[in-house]
Each structure stands twice: as structure tokens, then as C-alpha cells.
Amino acid sequence: KHPLAQALINAAKERGIASREPDGEVTGLPGKGVEYGQWRLGSAAWLGVDESESHTAATRLYLFHHASLTAVFEFSDTPRNGARELITAAKVSGIRVHLLSGDHPATVAWWAREMGIEDYQGGVLPEGKHAAIRTLQAQGRIVWAVGDGINDAPQLAQADVSVAVGSGAPLAQAGADAVLTAESLMPLADTIR
């Protein structure tokens, strides 16, 4: 259900690569990746890959088999429709925007600059997102969180008001106060306005 998993599945289909159901247990590790037998697919931090070279808007996942690097997948993303309008509406209304992401810090920094977000942090695990929300709340802030992934579930559950994007992970939806059924974030921008 993860957006990057869906991107891999779609890319394989476009190339005529057949998929099959795993014959063993696939273990998902939120904020890290997945394990299946001797296969591990996930983040550089989890798999011990040195990503000291900076990169821009791309997110990378690494595939290991028997502790050997087998493949690197690079994902280029586009902002969700309505994201810029949501950020602008928040800023105009005096709402401070924070970006917390499990993606590589350099990728998150690139997107933060691109979207005009001053407060951002990359490489954040789910428990780190939860802690960041608690820290803001301890400062007397009222936190409105928006997310779509399994990794967002703890922050959505902790926030004062939370919205899960409906096309995202069911776990994120379970902990949120509301579920946005539209793909676009424009209804949230309209709500702020």
C-alpha cells in the first residue's frame, strides 16, 4: 500500500514484468523498509548505505539480497495537487508549516525550498514524528497534521487535529480525526481560507 511500493508495481507492469504473491512472510518495518526472507528493501539509513552525496528531489530505495546490494530504485516525485495552495493558505492565515519526512534529509531540504517551507526535517522515523508533535504541543502550539503513510500514523494520532489523505495507508486513516476523500489537497486549502 505504500506509495513507493505502488510506484514499483506500476513500473513493473508498464515494462511487462510479471509479479507474484510471496510464498513467505513479508515484514514491514515502518520508516525503514520491508524484509522477505533474504531480501531487504528500504532506506539507506536502515540498510547502512552511505548516501553522503547530495541529491535533489529523488528518493532512493535499496534492494539487498543476502547482504549484497542488488538494485537501487530512484523515485522522482511531484507535489500532490493543491499542496502549494494549502501551504500558501496556511502562511497567509499565520499558520506555521512544518515538513516532517522519513525521506533522505537532502531530498526533504530540496522539497522544502521548492515549496517555501522553512521548518523541515528529513530522515524522521514514525516515533520521531510523534515526538516532534509533542514538542510543539508542549510549547503551547495547536497542531494540525496531514499525512498519508503508515509512518504518519503516530503523528496523526498525536496531533490536535489530523487529516489522513484517503488514498493513503489504512493505518494512517485509523488514527486521524478526518479522512480527505479527494486526491487533491485543495479542499484543505479552502478550509483554511
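Within a 6.0 Å sphere centred on CZ of Arg193, other residues, nucleotides and ligands contribute more than 12 heavy atoms. Other residues, nucleotides and ligands contribute more than 12 heavy atoms inside 6.0 Å of the CD atom of Glu114. Under a cut-off of 6.0 angstrom, the local environment of NZ in Lys32 is sparse, with at most 12 non-hydrogen atoms contributed by other residues, nucleotides or ligands. The number of heavy atoms from other shown groups lying within 6.0 Å of CD1 (Ile142) does not exceed 12. Within a 6.0 Å radius of CD in Glu25, other residues, nucleotides and ligands contribute 12 heavy atoms or fewer.
Ile150 and Val26 fall into different hydrophobic clusters, where Ile, Leu, Val, Met, Phe, Trp and Tyr residues are linked whenever their side-chain heavy atoms come under 4.5 Å apart, directly or through other members. Following chains of ILVMFWY side-chain contacts shorter than 4.5 Å, one cannot reach Leu188 starting from Met186, and the two form parts of different hydrophobic clusters. When hydrophobic clusters are built by joining Ile, Leu, Val, Met, Phe, Trp and Tyr residues whose side-chain heavy atoms come closer than 4.5 Å, directly or via intermediates, Leu100 is not grouped with Trp111. Note on Val179: it does not cluster hydrophobically with Leu156, by side-chain heavy-atom contacts below 4.5 Å among ILVMFWY residues. One hydrophobic cluster holds both Leu8 and Leu63 under the rule that ILVMFWY side chains link at heavy-atom gaps under 4.5 Å.
A side-chain donor-acceptor contact under 3.5 Å links His66 and Gln38.
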| message | Please evaluate residues Leu47 and Arg40 with respect to the criterion side chain to side chain contact (heavy atoms under 4.5 Å, CB included), reporting the C-alpha separation (whole Å), side-chain torsions for both, the decisive distance (0.1 Å), and the verdict. | response | CA-CA 8 Å; Leu47 294 168; Arg40 297 174 93 191; 3.8 Å; yes
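Under the side chain to side chain contact (heavy atoms under 4.5 Å, CB included) test applied with His98, the options Ile133, Asp119, Ile117 reduce to a single match, Asp119. Among Leu41, Leu61, Ile9, the single residue meeting the side chain to side chain contact (heavy atoms under 4.5 Å, CB included) criterion with Leu4 is Leu61.
Closest of all the heavy-atom pairs between Ala182 and Pro187 is CB-CG, 4.2 Å. The two atoms that bring Ala83 and Met115 nearest to each other are CB-CE, 3.7 Å, heavy atoms only. When every heavy atom of Ser43 is checked against every heavy atom of Gly31, the shortest pair comes out as OG-O, 4.2 Å. In terms of heavy-atom proximity, Leu29 sits nearest to Glu35 at CD1-OE1, 3.9 Å. The two residues Pro79 and Arg84 make their nearest non-hydrogen contact at CG-NH2, 4.2 Å. In plain terms, the two heavy atoms of Val165 and Gln173 that are nearest each other are O-NE2, 4.1 Å.
A donor-acceptor pair under 3.5 Å is absent between the side-chain atoms of Asp103 and the main chain of Thr59, judged by distance alone. Between the side chain of Ser184 and the backbone N or O of Asn81 there is at least one donor-acceptor pair closer than 3.5 Å. At least one donor-acceptor pair under 3.5 Å links the side chain of Gln137 to the backbone N or O of Gln158. A side-chain donor-acceptor contact under 3.5 Å links Ser162 to the backbone of Asp177. Side chain of Asp152 to main chain of Gly149: a donor-acceptor pair is present (N/O by atom type, distance under 3.5 Å, no hydrogens or angles). Under a 3.5 Å cut-off, the side chain of Arg80 and the backbone N or O of Glu183 do form a donor-acceptor pair.
To the nearest 0.5 Å, atoms CH2 (Trp110) and OH (Tyr120) are separated by 13.0 Å.
Side-chain contact between Val108 and His104 is absent, with no heavy atoms from C-beta onward closer than 4.5 Å. Contact of the Trp39 side chain with the Val34 side chain is not registered, since no non-hydrogen atoms from C-beta on lie closer than 4.5 Å.
A salt bridge is absent between Arg134 and Glu127: the closest approach of a Lys/Arg side-chain nitrogen to an acidic carboxylate oxygen does not fall below 4.0 angstrom.
Here Ile192 pairs with Leu86, Ala89, Ala90, Ser93, Ile95, Trp144 under the side chain to side chain contact (heavy atoms under 4.5 Å, CB included) rule; sequence neighbours left out.
Annotation: side chain to side chain donor-acceptor pair (under 3.5 Å) contacts involving residues 12-23, sequence neighbours excluded, comprise Asp23-Tyr36.
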